[in-house]
**Student:** 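Sharing a structure below in C-alpha cells format, with a few things to ask.
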Amino acid sequence: MSTDDTDSDTGVDEPDGAHHDFWAEGVADEIEQREPDNPIVIKGGVSPSGVAHLGNVNEIMRGYFVAEALRDRGHAVRQVFTSDDRDPLRKLPRKLADSDGNIVGLGEVDAGALGRNLGKPYTDIPDPFGERDSYAAHFAALLEADADRLGVDIEMYSNTELYGKGAFDPVVERVLDRVDTAREVLSEYQAKADDEYVPFNPICEACGKLTETVTDIDLAAETVDYVCTDMAVGDETIEGCGHEGTATFREGKLPWRFEWPGQWQVLDVDFEPFGKDHAEGSWPSGVDIAKNVLDIEPPEPMVYEWFTLNGEALSSSAGNIVTVPELLELLEPEVIRYFFALHPKTARDLDLSQLDQLVDDFDRFEEAYYQGVNDRSVTAFAEAAYPYVVDAVADERPVRLPYTFAAVLGMVEDQALREKLARDEGHIPDDADAATVEAALARVEQARTWAERMDNAYNYRLQADLPDSEFDDPTSDALDSLADVVAAGHDGETIQSEIYDTAREHGIEPGALFEAGYRLFFDETQGPRLGEFLGDLEQEFVVGRLRRER
C-alpha cells in the first residue's frame with residue numbers, strides 16, 4: 001500500500017464544481033443541501049449472522065467521518081446502527097467470537113443452541129456462550145464494543161425491539177394497505193412478487209420460525225393469517241411445521257427490501273453509507289419502495305468499495321476475517337481509523353503481512369499534518385482529515401517509532417535496552433518525558449505481535465547472554481574482523497555488504513559467516529538481514545558479542 005496510491009484520490013468533486021481534500025466534507029455538503037432538521041441521523045446496519053469482524057465496521061467508520069464533518073459545522077448528529085435481528089438464522093456459522101472478540105469454533109460452545117433454532121429470529125435464539133439474552137444480543141454487544149474501541153459513539157437499535165414496541169406498525173400497515181402497488185414495485189427487482197405474494201413474514205406461534213406464506217390481511221385488526229411453510233435457503237430447506245395461525249403486525253417482520261426503507265422512516269434517516277453489493281440491488285428497490293409505497297424520501301446515499309483481506313474477499317465461512325480486537329493488538333486505533341479515512345470508492349487490500357507499509361503511510365500522513373510533505377495532495381488530505389482520525393490533536397507531533405524498527409526492538413527483551421536503542425537511533429528525543437517514552441515504546445509490543453503472527457523476518461529473539469557456540473579459526477577471525485567494521489561506526493547497509501567481503505577475505509562462504517552471526521545473536525541458524533539488524537543495535541554490545549566477550 002503506497003502513499004501515492006492511497007492518497008491520490010482523497011478529494012471529492014461535487015456536481016457544482018466544489019472540491020474538498022477529504023471525501024467526508026463533500027458528503028456533508030450533499031446532506032446540507034437537503035436542508036435536514038437537527039439532529040441529522042446517520043445510519044448503518046448489520047445482520048447478526050456470524051463473527052463481528054472488521055468488515056462490519058465499514059459503515060460505522062464511513063458514517064463516523066461524515067458525522068464529525070457535520071458536527072464541526074455546528075450540526076447535532078446522531079449515528080445510529082440497526083441490528084437486523086428479527087431476520088431468521090438460515091445456516092450455522094463456522095466460527096463465532098466470544099465476548100472479548102476471540103474467534104472460537106462451534107465445538108467450543110453450545111452449538112446445539114443454534115442448530116435447533118434454524119429459521120427462528122436471532123433474538124429468539126439462545127446465546128451459545130450463555131452470557132446474553134440471545135444470540136443477537138451477543139453479536140450486537142460485540143459490534144458496540146468494536147465501535148467503542150475505535151472511539152465511535154453509536155446508538156444500537158434492535159429491529160425486534162422496534163417491531164415489538166410498534167415503531168414499524170405504520171410502515172407495515174402502509175405496505176399491506178398498498179399490497180398491489182408493493183407487488184408491482186417489487187416485481188421489477190425479484191421474480192416471486194406474484195399475485196399471492198404478501199410482503200410480511202409472520203413468526204409461527206407454534207414453532208417460532210418465520211414463514212413467508214400469508215393467506216389473509218386484516219388491516220383494521222392489524223393482523224395477518226398465515227401457514228407455517230418451508231423456507232428455501234440455497235439448496236437446503238428449513239421445514240415449516242404446517243401450523244395455521246394469526247399474527248399481529250408486531251409478531252413478524254417485513255422482507256429486507258421493504259424493511260430497509262422502513263428503517264429510514266422509523267428512524268428518520270438522513271444519510272446511509274452502504275457497500276457496492278447493495279448499490280446494484282437493494283438500494284434501487286429501496287428508493288422505489290420509499291417513494292412509491294411509503295411516500296417518503298430516501299436518505300442521501302454513499303456507496304463504498306469493499307476492502308479485501310490478504311488479497312481475498314472477507315469471508316466468515318472461509319475464515320478470512322480479522323476482528324477489531326485482533327487488529328488492535330497490531331496497530332493503534334488511529335491507524336485503523338486512517339485506513340477507513342482513505343477514499344471509500346477506491347478498492348483496497350488490508351494485507352496483514354504488510355502492515356508496516358500501512359503504518360508508514362499513517363506516519364507520513366501525520367507528518368504531513370504537522371509539517372507538510374513533498375506531496376501537496378497528501379498534505380491537503382492530512383490537514384482536512386487528521387483531526388478526525390486521532391482522538392485529540394496534540395500541540396506537537398507525537399513521537400512514534402517506525403514500525404519495522406519497533407519490530408527490531410521487539411527482538412530485544414530488555415526494556416531499558418529498547419529505550420536506549422531508540423534514543424541512539426534518534427527516534428526518541430533526549431528531552432522526552434516518561435509518558436512520551438512509554439507511548440512511543442508501546443508500538444514495540446504491537447510490532448512484536450505482528451512479527452509473531454506473520455512469522456516474518458522479525459520473529460526472532462536476541463539472546464541476552466552469549467550462546468554456547470564454537471567456531472573454527474577462519475570463522476573466528478572473520479567475526480573479529482566484522483567486529484572492527486562495526487566499531488568503525490558503519491551503518492547497517494554497509495555492515496551487510498561487509499559481511500560478504502569479510503567472509504571472502506578469510507576464505508569462508510558468506511553463508512557460514514551469516515550463520516555464525518545468527519548463532520551469536522539469536523542462537524539460530526537463520527534470522528533477519530543481519531547487517532541491518534546489527535546496525536540498529538548498540539555498537540558496544542554488537543562489538544562485544546562478535547568478539548565472543550559478552
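Keep in mind that what you see is a predicted model, and the values were worked out from it rather than measured. Residue numbers count from 1 along this sequence.
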**Student:** If we check side-chain contact (heavy atoms from CB on, under 4.5 Å) with Arg418, which of these qualifies: Leu401, Val408, Val412, Val437?
**Tutor:** Val412
**Student:** Find out whether Leu331 and Gln446 are in side-chain contact, i.e. whether some heavy atom of one side chain is under 4.5 Å from a heavy atom of the other.
**Tutor:** no
**Student:** Pairing donors with acceptors under 3.5 angstrom, does anything connect the side chains of His506 and Ser481?
**Tutor:** yes
**Student:** Could you please spell out the steps behind the ring pair (Phe, Tyr, Trp, His ring centres under 6.0 Å) verdict for Phe22 and Phe65?
**Tutor:** CA-CA 10 Å; Phe22 183 32; Phe65 288 116; 5.7 Å; yes
**Student:** Could you tell me whether the side chains of Ser476 and Asp473 share a donor-acceptor contact shorter than 3.5 Å?
**Tutor:** no
**Student:** Give a yes-or-no answer on whether the side chains of Glu493 and Gln496 include a donor-acceptor pair shorter than 3.5 Å.
**Tutor:** no
**Student:** Test salt bridge (Lys or Arg N to Asp or Glu O under 4.0 Å) on Glu144 and Arg149; report intermediate values, then the result.
**Tutor:** CA-CA 9 Å; Glu144 282 187 288; Arg149 290 179 180 107; over 6 Å; no
**Student:** Do Tyr369 and Thr379 have side-chain heavy atoms sitting under 4.5 Å apart?
**Tutor:** no
**Student:** Within the 4.5 Å heavy-atom criterion, are Pro528 and Phe521 side-chain neighbours or not?
**Tutor:** no
**Student:** Does Glu452, at its CD atom, have more than 12 non-hydrogen atoms belonging to other residues, nucleotides or ligands within less than 6.0 Å?
**Tutor:** yes
**Student:** Is a side-chain donor or acceptor of Arg132 paired with a backbone partner of His138 at a separation under 3.5 angstrom?
**Tutor:** no
**Student:** Please check: side-chain N/O of Arg62 versus main-chain N/O of Phe340, any donor-acceptor pairing under 3.5 Å?
**Tutor:** yes
**Student:** Using the side-chain contact (heavy atoms from CB on, under 4.5 Å) rule, pick out the option among Val51, Val46, Thr323, Asp146 that qualifies with Asn56.
**Tutor:** Val46
**Student:** Could you go through the ring pair (Phe, Tyr, Trp, His ring centres under 6.0 Å) check for Tyr500 and Phe514 one step at a time?
**Tutor:** CA-CA 9 Å; Tyr500 291 93; Phe514 276 106; 5.2 Å; yes
**Student:** Can you tell me if Asp480 uses its side chain to pair, donor with acceptor, with the backbone of Arg547 under 3.5 Å?
**Tutor:** no
**Student:** Would you say the side-chain atoms of Glu59 and Tyr304 include a donor-acceptor pair closer than 3.5 Å?
**Tutor:** yes
**Student:** Evaluate the criterion ring pair (Phe, Tyr, Trp, His ring centres under 6.0 Å) for residue pair Phe365 and Tyr386; output intermediate values, then yes/no.
**Tutor:** CA-CA 8 Å; Phe365 165 77; Tyr386 183 77; 5.7 Å; yes
**Student:** Does Gln526, at its CD atom, have more than 12 non-hydrogen atoms belonging to other residues, nucleotides or ligands within less than 6.0 Å?
**Tutor:** no
**Student:** Taking all non-hydrogen atoms of both residues, which atom of Leu546 and which atom of Leu520 are closest, and how far apart?
**Tutor:** CA-CD1, 4.1 Å
**Student:** Going through the checks in order, is the side chain to side chain donor-acceptor pair (under 3.5 Å) test met by Asp356 and Thr404?
**Tutor:** CA-CA 6 Å; Asp356 55 322; Thr404 50; 5.6 Å; no
**Student:** So, Tyr460 and Glu524: side-chain donor and acceptor under 3.5 Å apart, yes or no?
**Tutor:** no
**Student:** Is any side-chain heavy atom of Leu479 closer than 4.5 Å to one of Leu513?
**Tutor:** yes
**Student:** Less than 3.5 Å apart, any donor N or O on the side chain of His75 or Glu32 sitting next to an acceptor on the other?
**Tutor:** yes
**Student:** Is it true that atom CG of Asp433 has more than 12 heavy atoms of other residues, nucleotides or ligands lying nearer than 6.0 Å?
**Tutor:** yes
**Student:** Evaluate salt bridge (Lys or Arg N to Asp or Glu O under 4.0 Å) for Lys420 paired with Asp424, printing each intermediate quantity in order.
**Tutor:** CA-CA 6 Å; Lys420 185 177 188 310; Asp424 289 347; 3.0 Å; yes
**Student:** Whether Arg400 and Glu334 form a salt bridge (side-chain N of Lys/Arg under 4.0 Å from carboxylate O of Asp/Glu) is what I want to check.
**Tutor:** yes
**Student:** Report the C-alpha distance between Tyr388 and Asp72 in whole Å, list the side-chain angles of each, state the deciding distance to 0.1 Å, and finish with yes or no for side chain to side chain donor-acceptor pair (under 3.5 Å).
**Tutor:** CA-CA 10 Å; Tyr388 306 139; Asp72 268 4; 2.9 Å; yes
**Student:** What do you reckon, is CD of Glu470 surrounded by more than 12 foreign heavy atoms closer than 6.0 Å?
**Tutor:** no
**Student:** Using a 6.0 Å distance limit plus a 45 degree cone around the ring axis, check whether Arg348 lies over the aromatic ring of Phe307.
**Tutor:** no
